[in-house]
Structure formats: structure tokens, C-alpha cells
Number of protein chains: 2
Amino acid sequence: MTEHPWMNQLNEQGYRLTGARRAVVETMAESTHALTPIEVYDKARESYPALGLVTVYRTLEALEEQGLIQRVHRPEGCQAFITAPAGHQHLLLCKQCGQAISFEGDDLESLINSIARRTGYQVTEHWLQLFGLCPSCK
Amino acid sequence: MTEHPWMNQLNEQGYRLTGARRAVVETMAESTHALTPIEVYDKARESYPALGLVTVYRTLEALEEQGLIQRVHRPEGCQAFITAPAGHQHLLLCKQCGQAISFEGDDLESLINSIARRTGYQVTEHWLQLFGLCPSCK
DNA sequence: ATTGAAAATGAAAATGATTTTCAATATCAG
DNA sequence: CTGATATTGAAAATCATTTTCATTTTCAAT
Ligand SMILES: [Mn+2]
Ligand SMILES: [Mn+2]
Ligand SMILES: [Zn+2]
Ligand SMILES: [Zn+2]
């Protein structure tokens with residue numbers, strides 16, 4: 001049984017390899033949808049029934065710290081998590097089914113520069129997120 | 001005593017004019033920072049000490065329904081509210097002091113079209129938010 | 001001005017999500 | 001193997017928000 005890369009990264013950071021962690025990691029890594037802690041809990045218990053909800057919270061926190069997952073903000077709430085895209089990417093979310101796709105190539109440089117100039121702010125970060133309907137939902 | 005325009009709008013929608021509501025409305029309308037319900041509560045009690053936190057929640061809900069305020073999403077949490085900008089605008093937030101400025105003129109048309117084409121999604125909405133340091137905080 | 005129906009209020013209780021505590025268990029370096 | 005220590009899940013605690021409800025306030029109709 002070869003470990004999932006996320007498990008190896010956690011291990012290198014000093015985390016031990018446990019079944020509970022493995023169940024949460026695999027649930028998150030497999031999902032193309034944003035999942036809430038409870039959804040992760042329910043899904044992960046299919047392969048590891050003894051799992052506690054507390055461990056889900058703790059593992060999600062560790063994965064977020066490692067930059068492997070990220071919190072997803074949505075109108076209905078901001079408690080969901082999804083695999084973090086590599087590099088500078090943003091999310092496109094289906095409002096119907098929650099399916100998420102990440103994209104890159106946003107060019108906000110000139111907009112940001114002009115706003116920085118006009119407002120006197122030093123702009124250090126930006127959030128961009130698109131919402132819509134995925135091919136199968138529309 | 002002339003009523004605040006927001007109070008008039010609420011009144012036209014059938015809401016009654018009360019002191020508790022007035023205190024919350026004026027607190028929100030005056031603030032250039034995003035405020036959490038508790039912050040609104042503390043601020044508004046300066047002018048209306050009998051105010052209950054429940055009424056803050058209820059009034060914020062009404063103001064959001066009327067499109068007069070909007071929820072602000074931030075890394076530290078998404079429970080804060082701020083005056084909604086008129087028309088299609090986005091927010092620039094100071095990470096230090098929470099001061100908010102709204103701006104327009106983002107041109108995401110071509111980006112959105114190209115992503116829609118590439119992914120097959122129908123894109124209906126977007127969130128854009130900038131973070132940084134305001135002139136006095138940097 | 002008075003009245004009364006309906007809306008609004010705030011205190012307290014209920015709920016729901018997340019965090020903390022803690023005793024028992026599992027991992028893993030030595 | 002062994003033992004130090006990280007991890008676990010149950011239960012309790014905390015914290016934000018919502019619901020309930022008896023009382024008060026608003027305001028339209030007299
Ligand atoms: Mn970007
Ligand atoms: Mn825009
Ligand atoms: Zn969909
Ligand atoms: Zn500032």
C-alpha cells in the first residue's frame with residue numbers, strides 16, 4: 001500500500017501516518033466538489049467508520065496549513081474546502097451541483113495598478129471567483 | 001428629525017420606524033469599515049442602550065434583503081457587513097484596519113468568455129475583491 | 001386624542017458549528 | 001520490543017446565530 005502524496009507531505013512535516021488521517025486525506029483529494037466538514041466526515045466514514053468529526057476538523061486544518069486544500073467562499077456559506085489549485089489559479093463553481101474547476105490567466109495587473117494609484121492603497125492580494133452552471137447542470 | 005433614506009426605504013417596504021432600527025441603520029450607514037453583528041451592537045448601543053443583539057441580526061437581514069448592505073468575505077471570517085456600493089462595484093479592503101473602498105471598472109468580459117468557452121460552463125456571476133494596506137496603515 | 005390589530009422588541013432558551021479537554025490508544029524512533 | 005509522545009474520539013465547553021414568547025410599540029382607523 002503506497003501512501004498518497006499528501007500523506008507523505010504530512011509525514012515529512014512530522015505528522016504520523018494514521019488510518020483516520022488517511023480516510024480524510026483520500027476523501028478530500030478525490031473530490032472535485034467543495035465539501036463541508038460534515039460531508040467529509042460522512043464520506044470518509046465509508047472507508048473508516050470509527051472516524052470522529054473532531055479529527056476531520058483537525059486534519060482539514062493541517063491540510064490547509066500545508067496549502068493542499070483551501071476554503072471555498074460561497075453565498076450560502078464559507079465552511080467548505082476543496083483541493084488547492086497549483087500556483088496562481090482561481091475557482092469557477094457550479095451553483096447547482098458545486099462542481100469546481102480552477103483556471104488561470106486572469107490579468108488584473110493594470111486594473112490593480114490603476115486602483116492602487118487612485119486610492120493610495122498598496123494592494124497585496126486579490127480574490128476572484130466565478131459562479132455559473134456546469135455543462136451537465138445547464 | 002428627518003429620517004435616514006434607508007429608514008424611508010424600509011418604511012416603504014412595510015417596516016415600521018423604530019428607535020432600535022434607527023440605531024442599527026445609522027451605525028451601518030456611517031461606517032466605512034466592515035462591521036460584525038457584535039460590533040454593530042456595541043456601536044449602536046451608544047445611541048440606543050436598550051438595543052438587543054437579536055434586533056441587530058434582524059435589521060442586518062432586512063438591510064441585506066433591501067440591497068443596502070452586503071456581507072464581506074475575508075480570510076479571518078465572513079460575518080461582517082458593509083454598505084453596498086451602488087451598481088456593479090467591488091471592494092478593496094485594508095488588511096490592517098478593515099477600511100473599505102469600492103471601485104468599478106473591472107473588465108473581466110473577455111476572461112470570462114474565454115473560460116466559458118473552454119470549460120463549457122455558463123458563467124453568471126463573479127466575485128472580485130482586493131486586499132492591501134490603506135494609506136494610513138502602510 | 002384614543003383604540004386596537006399587528007409588528008417589533010429583548011430576554012431567555014434552543015440550536016448548530018466549532019473548539020477544548022482528557023483519558024485511552026496508536027505510532028514509530030531507538 | 002519498549003517507551004515517549006502524537007493522535008484519537010467522546011464528552012463538555014464555547015461561540016455565533018436563530019427561535020420562542022410575553023410584553024411593548026407603532027400606526028392606521030376611528
Ligand atoms: Mn489572480
Ligand atoms: Mn466585476
Ligand atoms: Zn453543476
Ligand atoms: Zn488601514
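In this text the structure is predicted, and so the values were computed from the model without any measurement.
Going from atom OH of Tyr15(A) over to atom C1' of dT8(D) covers 15 Å, rounded to whole Å. Counting to the nearest Å, the P atom of dA16(D) and the OH atom of Tyr57(B) are 7 Å from each other. Rounded to a whole Å, the CD1 atom of Ile38(B) is 8 Å from the P atom of dT17(D). Rounded to an integer number of Å, the gap from OH of Tyr41(B) to P of dC15(D) is 16 Å. For the pair Arg16(A) CZ and dG3(D) C1', the computed distance is 11 Å after rounding to whole Å.
Here the side chains of Cys97(A) and Ser136(A) are not in contact, with every heavy-atom distance at 4.5 Å or above. Within the 4.5 Å cutoff, side-chain heavy atoms of Arg74(B) are placed close to those of Phe131(B). Lys95(B) places a side-chain heavy atom less than 4.5 Å from the side chain of Glu125(A).
Scanning DNA chain C 5' to 3' for nucleotides with an atom closer than 4.0 angstrom to a non-hydrogen atom of chain B gives a first and last hit of dA6(C) to dA12(C).
The heavy-atom pair separating His90(B) from Asp106(B) by the smallest distance is NE2-OD2, 3.2 Å. In terms of heavy atoms, Leu93(B) sits closest to Gln129(B) at CD1-NE2, 3.7 Å. In this structure, Tyr121(B) and Cys134(A) approach most closely via the heavy-atom pair CZ-CB, 3.4 Å. For Pro135(A) against Gly120(B), the heavy-atom pair with the smallest separation is CG-O, 3.6 Å.
In the model, Thr32(B) has a side-chain atom that pairs as donor or acceptor with a side-chain atom of Gln99(B) under 3.5 Å.
Among the atoms of the strands shown, base atoms are found under 4.0 Å from some heavy atom of Arg58(B). Backbone-only engagement by Leu51(A) is indicated by non-hydrogen atom pairs under 4.0 Å involving sugar-phosphate atoms exclusively. Contacts of Tyr48(A) with the nucleic acid, taken as non-hydrogen atoms under 4.0 Å apart, involve only primed sugar atoms and P, OP1 or OP2.
When each of Glu61(B) and Gly52(A) is assigned the nucleotide of DNA chain D with its nearest heavy atom, Gly52(A) is the one assigned upstream, toward the 5' end. Each of Thr59(A) and Val54(A) lies near DNA chain D, and the nucleotide nearest Thr59(A) is the one positioned closer to the 5' end. Residue-to-nucleotide proximity on DNA chain C shows that, of Leu53(A) and Thr18(A), the 5′-proximal contact is made by Leu53(A).
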Open item on the list: Pairs counted only when both distances fall under 3.5 Å, Watson-Crick or G-U: show me the 5' to 3' dot-bracket for DNA chain D, [ ] for pseudoknotted crossings and | for other-strand partners.
Closed with: ||||||||||||||||||||||||||||||
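Aromatic pair His73(B)/Trp127(A): centroids not less than 6.0 angstrom apart.
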